[in-house]
Amino acid sequence: MRLMERAAESHWLKTALASCGEGRGSTVLIEGPVGCGRTELLAFAMREAWADGALVLRATGSAAERTLPLGVLGQLAAGAPAGALTPRDGGTRGSRSASMELLTVAVRRMSEDAPVVICVDDWQHTDELSLAHLMHLAHATRTDRVLLVLTRGIDGADRGHMPDTELIRLDGLVRLTLAPLSSQGTRDLVRRDAPGTPAAETDRLYDLSGGNPLLLRALLEERRTAGADAEPEPHGPFAQAVLACLERSGPGALGLARALSVLDAHATPERAAALLEPPAGTTPAERSAAAPGARPAAGAVRVAAALERAGLLRDGRFRHEAARLAVLGRMAPHERTALHARAAEAAREAGADAPDIAAQLLAARLVDRSWAVPVLHSAAAQLLSSGRPERALAYLELAGEGIGDDQARTDNTLRMAAADGRIDPGGAERRLLQPLEDARAGRLGPANLGALARQLAGHGRLDEAEEVLGLFPSFAGAESAGRAAGADPFDGLAAFPRTPSRRPAGRREDGGPADTPSRSSATLWQLPEISPRAVEAAESFLRGVSPACATAGPTLQALRTLLHLGGAHRAERALPWCREAVAEAERRGATGWAALFRAVHAQALLRQGRLADAESEARAALESVPRSCAGSLLSLASGVLVQAALAMGRTDEAAAELARPVPAALTASVHGLEYLRARGQFHLAASRYHAALGDFLEIGRCMKRWGLDRPVVIPWRTDAAEALHRLGETRQADRFVIDQLATADAADPWVQGISLRARAVCQEPRKRQICLARAGEALRRAGDRYELARTLAELGRALQEPGETGRAAMVNRTAWHLADECGAHPLRNTIAHNGPREAPAPTRAPMTSFAEVVGRLSESERRVATLAVRGDTNREIAQKLSITVSTVEQHLTRAYRKLGVTRRMELPVQLQLLST
């Protein structure tokens with residue numbers, strides 16, 4: 001086998017072998033880091049010697065047999081002709097000299113028949129007596145056909161018995177020092193052993209192996225078995241090769257590697273040496289047992305440098321996590337725990353950051369120190385800010401094992417619930433059950449009551465939050481103390497700044513609100529009145545929110561403000577902010593927050609009539625976190641999914657979602673209201689009108705009780721009116737609609753549109769047409785295509801009743817296309833059956849884009865065409881635009897020509913969505 005980058009070394013070996021055959025004895029010392037090919041080069045020398053007819057004697061030094069007298073010499077004798085070498089040691093100085101002379105005579109005698117090549121691998125582990133014999137032989141056979149080839153590892157160990165000075169004094173000593181392969185040598189080896197490997201992968205293999213041939217071949221083996229893209233595993237060939245190299249490097253290297261693996265990112269040779277040094281006052285036996293292979297700092301630096309040269313380490317750390325984990329896994333559990341415990345103590349004494357100390361505490365499961373719990377709490381808070389909630393939760397769970405006081409234990413539980421809410425909302429709510437039970441039993445102090453109330457309110461469980469708030473007389477003082485205990489991610493849900501800022505105005509550095517909130521927990525969910533100022537404040541907050549603060553609650557409230565109060569096309573305005581909030585939460589590792597923001601995103605898509613997208617986003621929200629019957633936070637997503645599925649005719653999917661277990665206190669949660677609405681709509685579709693009415697009225701009761709009765713959020717009155725109408729209670733249904741139109745939210749186009757549609761049911765035919773037409777105009781402004789399609793379908797039926805078939809056909813055509821675009825196939829099919837018997841007239845060949853359609857028309861032509869496609873007559877258009885009928889006809893004629901159509905039925909449907 002061709003040796004990579006060993007041409008010079010091979011040449012020197014061949015020269016030494018040739019000189020040996022000519023009677024010029026010498027010694028070749030092959031040095032190099034572990035795994036870099038010393039044994040391979042020695043094997044090359046042996047093959048060349050055999051090919052030249054030499055007698056080859058081989059032995060291998062072993063750390064375990066270093067104290068065995070004449071162990072290496074015995075191995076050499078075993079390979080010699082029978083009886084040619086008989087190692088002896090009489091124990092006295094004179095007998096030892098005689099034994100060494102006898103060895104020299106015997107080797108000379110064998111060299112008379114053929115050159116003798118003595119090969120000793122791992123010379124540094126040779127026993128002392130064998131060393132003495134071989135050094136004597138090297139000095140005495142300089143004019144004989146005898147060649148010594150020795151290999152020695154460079155591992156940084158301090159071995160006082162090594163006769164380096166004797167080796168240096170030898171005439172003809174040849175020292176060959178090996179190094180890891182260069183990048184080019186690595187490419188050559190990979191090209192030979194794994195042809196076809198991409199250049200980028202070869203560079204990665206070089207980086208992982210440091211050019212160490214042994215590690216490189218192990219990586220290639222792992223690549224063959226586990227796949228080209230697979231990362232090294234702790235039990236794979238690469239990690240095992242690292243362990244083998246460490247074990248061959250001696251106990252000092254292995255001990256240092258263990259300490260470095262425990263220290264991980266904070267590893268240095270000096271810190272590792274301090275970690276391995278047993279405490280003062282221990283006996284020698286205890287020191288040996290506590291830290292096998294320990295070395296002073298200087299020795300650790302030498303060993304670390306040797307491991308760096310071997311490619312095992314880089315900057316004091318293992319080149320891949322698999323190697324570090326393999327070293328940890330090879331340690332006995334009690335040894336590993338003891339090292340982690342000492343590392344925690346050392347890190348604290350050195351003033352390390354809390355997360356660094358906490359990592360060692362967690363690894364050692366050490367929590368019985370007086371300072372451990374505060375450190376774990378501090379570390380958890382820092383990790384939550386930096387987006388590592390899983391690790392923070394692990395620290396808090398460990399802290400709980402070291403707390404004996406009931407109040408402190410509850411405080412820790414609330415901290416865990418706050419952290420868990422970022423990744424598992426259902427799990428967070430489950431953690432609140434015991435503190436809630438303790439509060440009802442009078443076992444919680446004011447601080448924990450305040451923190452518990454805020455967390456319950458943050459999860460939308462307002463009834464329970466109000467119950468907890470009523471358990472102490474002075475809410476202000478308890479709230480202040482509660483902030484210090486809770487670190488609640490939903491603290492200050494209703495607060496967001498009015499001006500952009502890196503830190504929200506009116507909030508402390510820790511994310512809590514600067515002022516004391518009202519005693520009512522419902523204030524956390526109240527939306528401001530409809531106004532441009534509220535929307536601007538929400539957008540200002542979203543632009544300036546700092547990712548370092550715990551801002552899930554204010555972010556949620558800002559998104560809700562945009563979605564519900566954003567005016568015309570408000571859902572479209574909220575969508576990019578929803579997407580950004582989801583992305584930011586995912587970047588911070590807060591999958592629970594991301595799921596909540598996804599649910600709001602799905603709700604915004606539903607309000608646009610993008611049913612398939614809304615269902616997909618809601619399902620993604622539900623699938624991104626564990627589903628739990630104890631959690632109400634994601635019932636919003638579940639409600640959106642059911643509503644979208646029903647509108648698309650997927651009743652089986654809706655039924656399957658509603659069949660899942662739900663929290664017992666679903667109606668005590670703000671998030672559960674959307675679920676109740678969806679369930680009510682399902683009951684309507686199944687003709688269970690009384691059940692539907694019950695769900696809608698329960699929504700109304702909850703919203704009124706909490707002071708959150710806003711039709712822009714949930715228009716429960718029109719939902720109830722629809723159920724009452726199906727039950728034949730027309731007058732009562734009309735009263736509900738009138739009440740909704742009397743609210744301040746009736747100015748909102750979406751609320752106005754669905755209210756007018758519901759009101760039209762109770763009107764006589766002509767008034768019904770007017771009411772539905774006004775509803776359609778409002779819903780066009782709102783941008784909800786599905787609700788617009790429903791309204792236009794009703795208008796089409798209302799127009800057909802008095803025989804206005806032409807206008808009805810136009811309206812039905814628009815409604816049919818809208819329902820088809822939304823994916824609302826049940827509604828589309830209903831429109832088709834109630835419309836003209838022939839299918840809707842096809843449009844001309846599509847243009848490049850709708851923007852091109854609009855661009856071809858003048859402003860006047862666009863306004864006239866938009867009203868025409870909505871079904872208005874020429875006279876009605878003239879009245880609305882304050883122009884003559886003749887002018888309307890002229891605009892329409894020019895519009896037909898520019899758009900390539902010949903009649904109203906061929907006008908692009910999208911025109912009806914434009915404002916006039």
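If you're wondering where the values come from, they're calculated on a predicted model, not measured in any experiment.
- None of Glu201, Glu233, Glu231 except one satisfies the salt bridge (Lys or Arg N to Asp or Glu O under 4.0 Å) rule with Arg223; the exception is Glu201.
- In this structure, Cys20 and Val146 have side chains that are not in contact, with every pair of non-hydrogen atoms separated by 4.5 Å or more.
- Annotation: side chain of Arg588 is not in contact with side chain of Arg388 (no heavy-atom distance under 4.5 Å).
- In this structure, Leu376 and Leu396 have side chains that are not in contact, with every pair of non-hydrogen atoms separated by 4.5 Å or more.
- When each of Glu335, Gln360, Glu345 is paired with His340, the side chain to side chain donor-acceptor pair (under 3.5 Å) condition holds for Gln360 and for no other.
- Judged purely by atom type and a 3.5 angstrom limit, Arg142 uses its side chain to pair as donor or acceptor with the backbone of His139.
- Remark: Thr337 OG1 to Leu366 CG distance equals 10.0 Å, nearest 0.5 Å.
- A salt bridge does not link Arg314 to Glu308: none of the charged nitrogens lies less than 4.0 Å from a carboxylate oxygen.
- Remark: side-chain polar atoms of Thr197 are not paired, donor with acceptor, to backbone N or O of Thr202 under 3.5 angstrom.
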Does the pair Arg330 and Gln240 meet the rule for a side chain to side chain donor-acceptor pair (under 3.5 Å), with working shown?
CA-CA 10 Å; Arg330 184 64 64 92; Gln240 297 307 306; 3.3 Å; yes
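- More than 12 heavy atoms of other residues, nucleotides or ligands shown are found within 6.0 angstrom of CG on Asp368.
- Looking at heavy atoms from C-beta onward, Leu393 lies in side-chain contact with Glu397 at the 4.5 angstrom threshold.
- Atoms CG and CG, on Leu263 and Leu339 in that order, are 8.5 Å from each other to the nearest 0.5 Å.
- The backbone N or O of Leu215 sits less than 3.5 Å from a side-chain atom of Asn212, completing a donor-acceptor pair.
- Looking at Leu307 and Ser249, their side chains come closer than 4.5 Å, going by heavy atoms from C-beta outward.
- When side chains are defined from C-beta on, Val262 does not count as touching Val327, because their heavy atoms never get closer than 4.5 Å.
- Using a 4.5 Å heavy-atom threshold, the side chains of Leu150 and Thr27 count as touching.
- Between the side chain of Glu128 and the backbone N or O of Pro69 there is no donor-acceptor pair closer than 3.5 Å.
- For the atom pair CD1 (Ile30) and CG (Leu176), the distance works out to 6.0 Å, reported to the nearest 0.5 Å.
- A side-chain donor-acceptor contact under 3.5 Å links Glu5 to the backbone of Ser182.
- A salt bridge links Glu401 to Arg365: at least one charged side-chain nitrogen sits closer than 4.0 Å to a carboxylate oxygen.
- Donor-acceptor pairing under 3.5 Å is recorded for the side chains of Asp127 and Ser130.
- Within a 6.0 Å radius of CZ in Arg6, more than 12 heavy atoms belonging to other residues, nucleotides or ligands are found.
- Between the OG atom in Ser261 and the CE atom in Met331 there is a gap of 6.0 Å [rounded to 0.5 Å].
- Atom NE2 in His133 sits 11.5 Å away from atom CG in Leu76 (nearest 0.5 Å).
- Residue Thr268 holds its OG1 atom at 12.0 Å from CZ of Arg317, rounded to the nearest 0.5 Å.
- Proximity of Arg58 to Thr60: side-chain heavy atoms (C-beta onward) are separated by under 4.5 Å at one or more points.
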